[in-house]
Each structure stands twice: as C-alpha cells, then as structure tokens.
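Here's the structure we're looking at; comments come further down.
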Amino acid sequence: MGKDTEEWLTAQQCATRTGLSIRALRLYEQRGLISPRRTTKDWRLYGRSEIERLHEIVALKAFGLSLKDIGALLSGQVTDLGRALDTQRHALEARLRQAETGLRAIDVLRQRFDKGESISTEDLLGLIHTMEGAPETEAATGWARYEQARPRVATSLSHNQMADLEGAWQFADGLVVRTKLVEGKLHFCPPGQPAYRLWAEAPDRFFIKGLPVQVSFTRREGAVVGLNHHQDGGVETAVPIDSASAALAETTLAQRITEQQPLAASAAAIRGVIATHGAADPDFDNLAPALKRLAEEQRDHMAAVLASLGPLQSLDFTRVSDTGLDIFIANFAQGRLEIGIGFAPSGKISTLYFT
DNA sequence: CTTCTAACA
DNA sequence: TGTTAGTA
C-alpha cells in the first residue's frame with residue numbers, strides 16, 4: 001500500500017468536497033468533532049480520515065442529531081446505535097403525531113372558515129401552539145431517554161473526589177434520599193429501597209448498574225449544591241439538607257407508610273386531573289412545573305386513553321407506596337387504571353403516574 | 001489570492 | 001452559520 005500517497009485538502013477544497021462551509025469546518029473543529037493537522041503556517045489540512053468523519057457528521061446531522069449528540073457518538077462514548085435508532089424513531093413518531101393533531105386543528109378551523117364563522121386570534125394562537133410546541137421537547141426527551149439508557153463504562157474516583165458527596169438531599173416533592181460512603185464506595189439510598197451502588201463515569205457523575213438511572217452532582221465554587229437524579233428522559237434536582245431535617249422527613253414518611261392512609265387532597269386531585277384531561281381546553285395549573293411540561297406533552301395521548309376508558313365510576317385507595325405516593329385504582333366503564341399521586345410542599349401535584 | 005483568528009449579526 | 005476586518 002502506498003504510504004505517502006494520501007491527499008491533503010485545504011479548507012476550501014475540503015469544504016467543496018463535503019458540501020460544508022469553511023465556517024462549519026472550523027465550528028466542528030472547535031466542538032472537537034474533527035482535528036485536522038496544520039502546516040507550519042497554521043493552514044488546516046484535511047486527510048482521508050477527516051473527510052470520512054465529516055461525511056458521518058453530515059449524515060448524523062441530517063438524521064436530526066445535534067452537534068453535541070454527534071460529538072458524544074463519535075467520541076466512542078456511545079456504542080449502541082440500535083437504541084439510538086429506536087429513540088430517533090420515537091422522536092419522529094412524536095413529530096408525526098404532532099403534525100396530525102396540527103392538521104386536525106387546521107381542518108376544524110377551515111370548516112368554520114368555510115361556513116363563514118369567525119376565527120379569533122386566540123384560535124390561531126392555539127393552532128400555532130399545537131404546531132410548534134411539543135416536537136422539540138419530545139425529541140429532546142427522546143434523546144435524553146436514550147442518553148440515560150446507553151451503556152456506560154465505570155471509572156474509579158479517588159476518595160477525595162467522593163468525600164463531600166455524602167449527605168442527605170431533598171427533592172421538590174419533599175422526598176428525602178441519602179448518599180453514603182460504604183467502604184469507600186458511594187451509595188444512593190432512596191427511602192424504602194435497598195441502597196444502590198453508584199458507579200462513577202466521571203467526577204460528580206454516576207450511574208446505577210442495570211437501571212437507566214444516573215445521579216450527578218452540581219457544584220458552585222467547588223461546593224456541592226445539588227444532586228440530580230436522571231431518569232425517564234428527565235432530571236429531578238435535590239438540594240442538600242441537614243441530618244435533622246432529613247431524619248424528620250424520613251420518620252414522617254415511615255409513619256405514612258405504616259398508617260397507609262391517603263392524604264386528604266389525593267382523591268379530589270386525581271378526579272380533577274381526569275376531568276381536566278377530558279376537557280377540550282386542559283388546564284394544568286395545579287401541576288408542579290416539571291410535571292406540567294410532561295402533561296402538556298402527553299395531553300393528546302392521555303385524552304385518547306381516558307376517552308377510550310369512558311366515564312370514571314369509582315376511585316379506590318389501595319396503598320401508600322415506598323416513596324410516599326398515594327396509589328389508587330380508578331375504575332372506568334371500559335377498564336381500570338392504577339394511579340399514583342404525590343404532592344410538592346407547595347401543595348401542587350408533583351408526581352402522577354397512570355399504569 | 002487564500003487562510004488565519006476574533007468578534008459581531 | 002454567515003460576514004467582516006486585519007494579518008501572514
């Protein structure tokens with residue numbers, strides 16, 4: 001094989017060859033996606049490997065991935081492309097559903113327009129919202145789900161790097177978890193569950209083996225100020241709390257689990273949510289912000305599910321879960337759902353799941 | 001005439 | 001990403 005027969009392209013030649021702009025080439029280099037060699041005059045030279053990689057980048061970009069995603073993929077941190085394809089498919093399906101609801105909304109407005117009825121600016125704004133609102137978010141959480149599910153490689157951290165990660169943490173919904181060092185190994189201890197060993201993939205970034213869950217820590221000026229729990233395409237943040245407050249919260253929770261009594265507000269809140277999802281103009285103001293975002297994304301899906309189930313006939317409390325959620329069984333005319341609900345200190349619904 | 005960096009749109 | 005300025 002000829003060794004020195006490799007052709008080296010200048011920036012302009014490379015740009016022409018790949019269909020990219022010189023500016024884009026420099027941007028990709030700045031983002032660490034490529035690293036062309038330089039001449040003594042600092043001119044960039046692009047070889048075979050760079051051209052190959054640029055073609056990969058172009059393909060992945062057309063595929064809808066951000067430069068950040070592409071960087072992660074190309075740096076070898078991601079090996080499971082099959083899962084990437086799946087999540088990308090889900091993201092595209094979500095956009096498809098979004099487009100379909102947009103089309104339906106347009107058809108409705110078109111019919112009213114044809115009949116000579118007036119169309120308010122509010123109608124149009126609502127239409128615009130359905131069209132541009134969710135797809136980006138869904139694609140983003142789709143990718144986040146993949147990112148959280150991808151295979152990970154554990155590295156080891158020094159004792160110093162984990163010493164200040166031990167403590168008690170409280171989430172927005174009031175739930176308290178602890179992180180503990182046991183024999184030099186960091187553990188994540190949610191209430192009512194066994195301790196999970198946290199494996200480091202980088203300083204302040206950990207994962208749990210066998211679960212698509214990550215735990216990371218936020219620092220400000222070197223001090224740890226937050227614990228982030230990554231799961232289901234989202235992230236929940238907890239703040240450090242002192243040991244006494246943690247103990248109080250833990251005994252309160254333990255008491256609720258022992259007594260197995262639902263919170264006074266639970267049943268009414270669930271009925272409210274069901275009624276709201278069935279309404280033409282859902283209002284999610286009683287949901288905490290993170291949940292509100294989720295609810296808006298899933299509005300059509302939930303509305304369809306609830307519509308297929310028919311009217312609610314009864315709502316029966318079953319138990320208090322290990323994390324303090326009130327679990328109900330909702331009986332509908334055409335089926336049943338298990339529903340879990342939890343509240344933030346603000347009184348708004350912080351957790352809600354339908355099964 | 002081209003590429004470089006840096007900064008701004 | 002595009003554009004522009006001032007260089008080498």
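Here the structure is a predicted model, which means the values were calculated and not measured. Labels below follow one simple rule: chain letters A, B, ... track the order of the sequence lines, proteins then strands, and each chain is numbered from 1.
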Arg336(A) CZ: over 12 foreign heavy atoms closer than 6.0 Å: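 No.
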Look at atom CZ of Arg220(A) and say whether more than 12 heavy atoms of other residues, nucleotides or ligands are closer to it than 6.0 Å. no
To the nearest angstrom, how far is [X] atom [atom1] from [N] atom [atom2]?
X        : N      : atom1 : atom2 : value
Leu25(A) : dG2(C) : CG    : C1'   : 14 Å
Trp8(A)  : dT3(B) : CH2   : P     : 17 Å
Leu27(A) : dA6(B) : CG    : P     : 14 Å
Arg38(A) : dT3(B) : CZ    : P     : 13 Å
Tyr28(A) : dT1(C) : OH    : C1'   : 9 Å
Asp42(A) : dT3(B) : CG    : C1'   : 10 Å
Leu45(A) : dT2(B) : CG    : P     : 17 Å
Glu29(A) : dT3(B) : CD    : P     : 14 Å

For dT3(B), what is the paired nucleotide under Watson-Crick or G-U wobble rules, both distances under 3.5 Å? none
Nucleotide paired to dT7(C) in any strand shown, Watson-Crick or G-U, under 3.5 Å: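 Across all strands, not a single nucleotide pairs with dT7(C).
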Can you tell me whether the side chain of Arg44(A) and the base of dT3(B) have a donor-acceptor pair closer than 3.5 Å?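 No, the side chain and the base share no sub-3.5 Å donor-acceptor pair.
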Lys/Arg N to Asp/Glu carboxylate O, Arg44(A) vs Glu50(A), below 4.0 Å: no
Within less than 4.0 Å of OP1 or OP2 of dT1(C), is there a side-chain N or O belonging to Lys61(A)? yes
Does Thr10(A) put a side-chain nitrogen or oxygen below 4.0 Å from OP1 or OP2 of dT2(B)? no
Donor-acceptor check, side chain of His187(A) to backbone of Lys185(A), threshold 3.5 angstrom: yes or no? yes
Quick one: label Arg26(A) by what it contacts on the DNA or RNA (base, sugar-phosphate, nothing), any heavy atom closer than 4.0 Å.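 Arg26(A): base contact, heavy atoms under 4.0 Å.
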5'-most by nearest nucleotide on DNA chain B - Gln12(A) or Arg23(A):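 Looking at DNA chain B, the more 5' nearest nucleotide goes with Gln12(A).
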Would you check if there is a donor-acceptor pair between the side chains of Trp43(A) and Thr10(A) at a distance under 3.5 Å?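 No - no donor-acceptor pair under 3.5 Å links their side chains.
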On DNA chain C, more 5' by nearest nucleotide between Trp43(A) and Ser21(A) is Ser21(A)
